[in-house]
Amino acid sequence: MAHKTFGIDFGTGTIKVYKRSEGIVLNERNVVATVGKSSEKRPVAIGDSAYEMFEKAPPSIHVSFPMHHGVIADLQDMIALWDFMVEKVSGRRRLKGADFYISVPADIGQVEKNAFSKIITEGQCSPRRVCLIDKPIADALGMKLDIEKARGIMIVNMGADTTELSVLSLGGIVVSKLLPYGGNYFDTQIMNYIRKEHNFVIGRKSAEQIKKRLVSAVPVDESTTAMGRNVVKGLPGEVLIQSGEIFPLVRDVFYEISGAIRSMLERTPPEIASQIQEDGIYLTGAGSWLKGLDQLIADQTRHKVNTSRQAQKTVITGLGYLAENPKMALRYSVPLTQTGK
Ligand SMILES: Nc1ncnc2c1ncn2[C@@H]1O[C@H](COP(=O)(O)OP(=O)(O)OP(=O)(O)O)[C@@H](O)[C@H]1O
Ligand SMILES: [Mg+2]
């Protein structure tokens, strides 16, 4: 029987879990709902069901997002969340002796990377091994790119709270840069704008729906309505939003991202840059589904841009590949915990 092995992509917005021999077994919001204070605190819901409670829960239930900008903001909440999640992914409350492959942003400090392994080692799991895998490596493997042979792969992963730009060559990371904004940035901009200009308070979930319809890196002409509360009248109602109102709020960040990609390309050694020029830039992460992002990056960098319908799952697919090929995983991972045999 195959050894129990899991790949986990603890994204700021969503957690994805791969189980060896079974495939992706979980893709849920990275949210935890707790009751009680400090040492008394215990989770009552996690994942999508905790997110459902967001903006609706009574004051006795605290709904929180334990990661910010790709790193762990509240380790205790993250441990509680994972311990609760174990039953969902393994069918039992306790999981002993399993191996874990966890993706981490490449451009963060070692202490922040190590914190990801603590989610497992300081919880109730008692793992056999926890290995950290740099996210761009998992991303490339998930796209089935031959990272050992390639002399130049550029990946831009736009997630919920981060956009990570990386250049890989011959199985390693040449350079990586983590920008502190992703898809959630647009939700916040939309909420603030509608509050200020329309006197309407809308929730984060409505803002996310507006983003998916109206946010575009190049101008488009569309509109949508959202439910909210009129702050002047104090009554619930509907507000009509045009894409033309949103574009000025988001344009700068798109140019900042494409500018950062251009400057990374300019600093990339010519032998590596030439293969990137040939193959194009790979755009991943669910934030990459924002309209026109591929077109803007292609125009600004004069490179072909490859997009994917699987963009949210490329990292977890790569971790899954390593979970199925543990010998290969050793080549890319830093084993932090080694207990038992
Ligand atoms: N169809 C869509 N169009 C635009 N944005 C989308 C779409 N679907 C999801 N998103 C956005 O993608 C983001 C989530 O992407 P993803 O799951 O790749 O992030 P993550 O891995 O959780 O975060 P990070 O990598 O930053 O830690 C959210 O901001 C979400 O609103
Ligand atoms: Mg991600």
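Order of appearance sets the numbers: ligands from 1, and atoms from 1 within every ligand. From a predicted model like this one, the values you see are computed outputs, not experimental measurements.
- Looking only at heavy atoms of the protein, atom 30 (C) of ligand 1 is closest to Glu208 OE2, 3.3 Å.
- Atom 19 (O) of ligand 1 has Ala160 N, 3.0 Å as its closest protein atom, hydrogens excluded (heavy atom only).
- For ligand 1, the atoms closer than 4.0 angstrom to any heavy atom of Gly285 are 18 (O).
- Residue contacts with ligand 1 do not include Glu164, since none of its heavy atoms lies under 4.0 Å from the ligand.
- Heavy-atom proximity to Gly159, at under 4.0 Å, picks out these atoms of ligand 1: 13 (C), 15 (O), 16 (P), 18 (O), 19 (O), 23 (O), 24 (P), 25 (O), 26 (O).
- Asp9 and Lys135 are not joined by a salt bridge, as no carboxylate oxygen comes within less than 4.0 angstrom of a charged side-chain nitrogen.
- Between the side chain of Trp289 and the backbone N or O of Ser308 there is at least one donor-acceptor pair closer than 3.5 Å.
- The heavy atom nearest to atom 7 (C) of ligand 1, out of those in Arg29, Lys212, Lys291, Gln312, is found in Lys212.
- In this structure, the protein non-hydrogen atom closest to atom 21 (O) of ligand 1 is Lys16 NZ, 2.9 Å.
- For Lys205 and Tyr51, the positive end sits near the middle of the six-membered ring, less than 6.0 Å away and at most 45° from its axis.
- For Gly182, the closest heavy-atom approach to ligand 1 does not fall below 4.0 Å.
- For ligand 1 and Gly287, the ligand atoms under 4.0 Å from any heavy atom of the residue are 12 (O), 15 (O).
- For ligand 1, the atoms lying closer than 4.0 Å to a non-hydrogen atom of Asp161 are 26 (O).
- From the protein, the heavy atom lying nearest to atom 5 (N) of ligand 1 is Ala286 O, 3.6 Å.
- Ser243 places a side-chain N or O within donor-acceptor distance of the main-chain N or O of Val220, the cut-off being under 3.5 Å.
- Within the 3.5 Å criterion, the main-chain N or O of Phe200 finds no donor-acceptor partner in the side chain of Asn230.
- Remark: ligand 1 atoms within the under-4.0 Å shell around heavy atoms of Gly13 are 20 (P), 22 (O), 23 (O).
- Panel note: side chain Asp187, backbone Arg204; no donor-acceptor pair is recorded below 3.5 Å.
- Distance alone, capped at 3.5 Å, is enough to place a donor-acceptor pair between the Glu324 side chain and the Ser21 backbone.
- Of the inter-residue distances, the one linking Leu293 atom CG with Leu283 atom CG reads 5.0 Å to the nearest 0.5 angstrom.
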N/O donor-acceptor pairs under 3.5 Å from side chains in residues 63-72, not counting sequence neighbours:
| unit_1 | atom_1 | unit_2 | atom_2 | d |
| --- | --- | --- | --- | --- |
| Ser64 | OG | Asp77 | OD2 | 3.0 |
| His69 | ND1 | Asp161 | O | 3.2 |
| His69 | ND1 | Pro180 | O | 3.3 |

Name every donor-acceptor pair, under 3.5 Å, that has one atom in a side chain of residues 24-34 and the other anywhere in the protein, sequence neighbours excluded.
| unit_1 | atom_1 | unit_2 | atom_2 | d |
| --- | --- | --- | --- | --- |
| Glu28 | OE1 | Asp48 | N | 2.9 |
| Glu28 | OE1 | Lys88 | NZ | 3.1 |
| Glu28 | OE2 | Lys88 | NZ | 2.8 |
| Arg29 | NH2 | Glu208 | OE1 | 3.0 |
| Asn30 | ND2 | Gly11 | O | 2.8 |
| Thr34 | OG1 | His62 | O | 3.4 |

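- Taking atom 4 (C) of ligand 1 as the reference point, the nearest protein heavy-atom neighbour is Leu290 CD2, 3.6 Å.
- Checking side-chain atoms of Gln300 against main-chain N and O of Arg262 turns up no donor-acceptor pair under 3.5 Å.
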Report task. Quick one: do Asp107 and Lys177 satisfy salt bridge (Lys or Arg N to Asp or Glu O under 4.0 Å)? Show the steps, please. Result -> CA-CA 6 Å; Asp107 181 28; Lys177 187 174 170 65; over 6 Å; no
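- For ligand 1, none of its N or O atoms has an N or O atom of Asp9 under 3.5 Å away.
- Remark: ligand 1 atoms within the under-4.0 Å shell around heavy atoms of Lys135 are 25 (O).
- In this structure, atom 11 (C) of ligand 1 lies nearest to the protein heavy atom Lys211 NZ, 3.7 Å.
- Each of the atoms 17 (O), 22 (O) of ligand 1 lies under 4.0 Å from some heavy atom of Thr14.
- The single protein non-hydrogen atom nearest to atom 29 (O) of ligand 1 is Asn184 OD1, 3.0 Å, given as residue, atom name and distance.
- The nearest protein atom to atom 26 (O) of ligand 1, hydrogens excluded, is given as Thr162 OG1, 2.8 Å; this is a heavy-atom distance.
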